[in-house]
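Beneath this line is the structure, given in structure tokens, with notes to follow.
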Amino acid sequence: FVNKVRLAVIGSGPRDQLLRLYPEAGTIIVAEQDERANAEGLLSAMDRCIAQESSDWARQTLLIVEGESNRPTLRAGFEARGARCLLAVLYRRIASAWPESAWAEIARSESGALGLVVTSSAAGRQLVSAFQSHGLALSQVVWCTHHAAIAELLQSAGATSVRRVRLNHQWLSYDLFEHEAHW
């Protein structure tokens, strides 16, 4: 059935994974620019799609797959446009503390020798707070993220080495090695 439905995702990473797993997939709508790889960007991309098809939001039934504590931005945006939304809550984020051995490894590492991949703003805020509570400078590691808003959050907290990378199966070899040749 995957080739009979229209799929929409936030970010090029999920799109690439869908295409890898389901090469027969039909249309996949995704925000075109990394800076817009968020709920608002996907709403805009869907608006363009509906307009190009001369369709009507009231005729749309959308299945939204999300996490337990996701912001309601996407669902609220679709419902405000008149779409019918079905919700499938399929995962839950569980925050857990890092073991002290991880903090010890960061503390004794050479500055810039370790990299952290931050995939959400919430995780970024938690890590910044944890670094501060452990008395570690944010400049101790290279912060990697796929999203402009997360990069801005990290930089405003004081991180000096922030890298924008794609979060897909090629991100390390293609993006990070271009920045950090000594890794």
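Computed over heavy atoms, backbone and side chain alike; hydrogens, waters and symmetry mates excluded.
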| said: I want to check something: taking the side chain as every heavy atom from C-beta on, are Gln126 and Ser129 in contact at a cut-off of under 4.5 Å? | reply: no
| query | Can you tell me if CD on Glu110 sees more than 12 non-hydrogen neighbours from other groups inside 6.0 Å? | reply | no
| query | Which pair of non-hydrogen atoms, one from Leu138 and one from Ala157, has the smallest distance, and what is that distance? | reply | CD1-O, 3.3 Å
| remark: Taking every heavy atom of Ser139 against every heavy atom of Ser111, the minimum-distance pair comes out as O-OG, 3.1 Å
| query | Hey, what do you get for CG (Leu74) to SG (Cys85), rounding to the nearest 0.5 Å? | reply | 7.5 Å
| task | Look up atom OG in Ser161 and atom CG in Leu116, then write down how far apart they are to the nearest 0.5 Å. | result | 11.5 Å
| message | Looking at Tyr22, I want to see if its OH is surrounded by more than 12 non-hydrogen atoms of other residues, nucleotides or ligands under 6.0 Å. | response | no
| field | Value rounded to 0.5 Å, distance of NE2 in His147 from CZ in Arg164 | value | 7.5 Å
| With hydrophobic residues grouped by side-chain heavy-atom distances under 4.5 Å, do Leu18 and Met46 end up in a single group? | no
| query | To the nearest 0.5 Å, how far apart are CG in Leu42 and SG in Cys49? | reply | 10.5 Å
| query | For Arg81 and Asp47, which heavy atoms make the closest approach, and how far apart are they? | reply | NE-OD1, 2.7 Å
| remark: Nearest heavy-atom approach of Trp143 to Ala159 is CD1-CB, 3.5 Å
| query | Between Val9 and Ile28, does a side chain to side chain contact (heavy atoms under 4.5 Å, CB included) hold up when you go through it step by step? | reply | CA-CA 7 Å; Val9 296; Ile28 300 178; 4.1 Å; yes
| query | Are Ile106 and Leu154 grouped together when hydrophobic residues (ILVMFWY) are joined by side-chain heavy atoms under 4.5 angstrom apart? | reply | yes
| message | Hydrophobic clusters here meaning ILVMFWY residues chained together by side-chain heavy-atom distances under 4.5 Å, can you tell me if Tyr91 and Ile10 are in one? | response | no
| note | The reported gap from CH2 in Trp103 to CZ in Arg108 (rounded to nearest 0.5 angstrom) is 14.0 Å
| message | Would a single hydrophobic cluster contain both Ile150 and Val162, if residues Ile, Leu, Val, Met, Phe, Trp and Tyr are joined by side-chain heavy-atom contacts under 4.5 Å? | response | yes
| Which heavy atom of Ala151 sits nearest a heavy atom of Thr145, and at what distance? | N-CG2, 3.7 Å
| said: Closer than 3.5 angstrom, by distance alone: can the side chain of Gln140 be matched with the main-chain N or O of Ser109 as a donor-acceptor pair? | reply: yes
| remark: Looking only at heavy atoms, the pair that brings Val118 and Leu127 closest together is CG2-CD1, 4.0 Å
| said: Please say yes or no: joined through hydrophobic side-chain contacts below 4.5 Å, possibly via intermediate residues, are Val5 and Leu87 part of one cluster? | reply: no
| field | Ser121 (side chain) donor-acceptor with Leu153 (main chain) under 3.5 angstrom | value | no
| task | Kindly assign one of parallel, tilted or perpendicular to the pair Trp57 and Phe78, based on the angle between their ring planes and the thresholds 30° and 60°. | result | tilted
| Crowded around Glu152 CD? As in, over 12 foreign heavy atoms under 6.0 Å? | no
| field | CZ on Arg15 to CG on Leu7, rounded to 0.5 Å | value | 12.5 Å
Can you list, pair by pair, the side-chain donor-acceptor contacts under 3.5 Å of residues 58-68, counting residues two or more places apart and other chains?
{"unit_1": "Gln60", "atom_1": "OE1", "unit_2": "Arg6", "atom_2": "NH2", "d": "3.1"}
{"unit_1": "Gln60", "atom_1": "NE2", "unit_2": "Ser55", "atom_2": "OG", "d": "3.1"}
{"unit_1": "Gln60", "atom_1": "NE2", "unit_2": "Asp56", "atom_2": "O", "d": "3.4"}

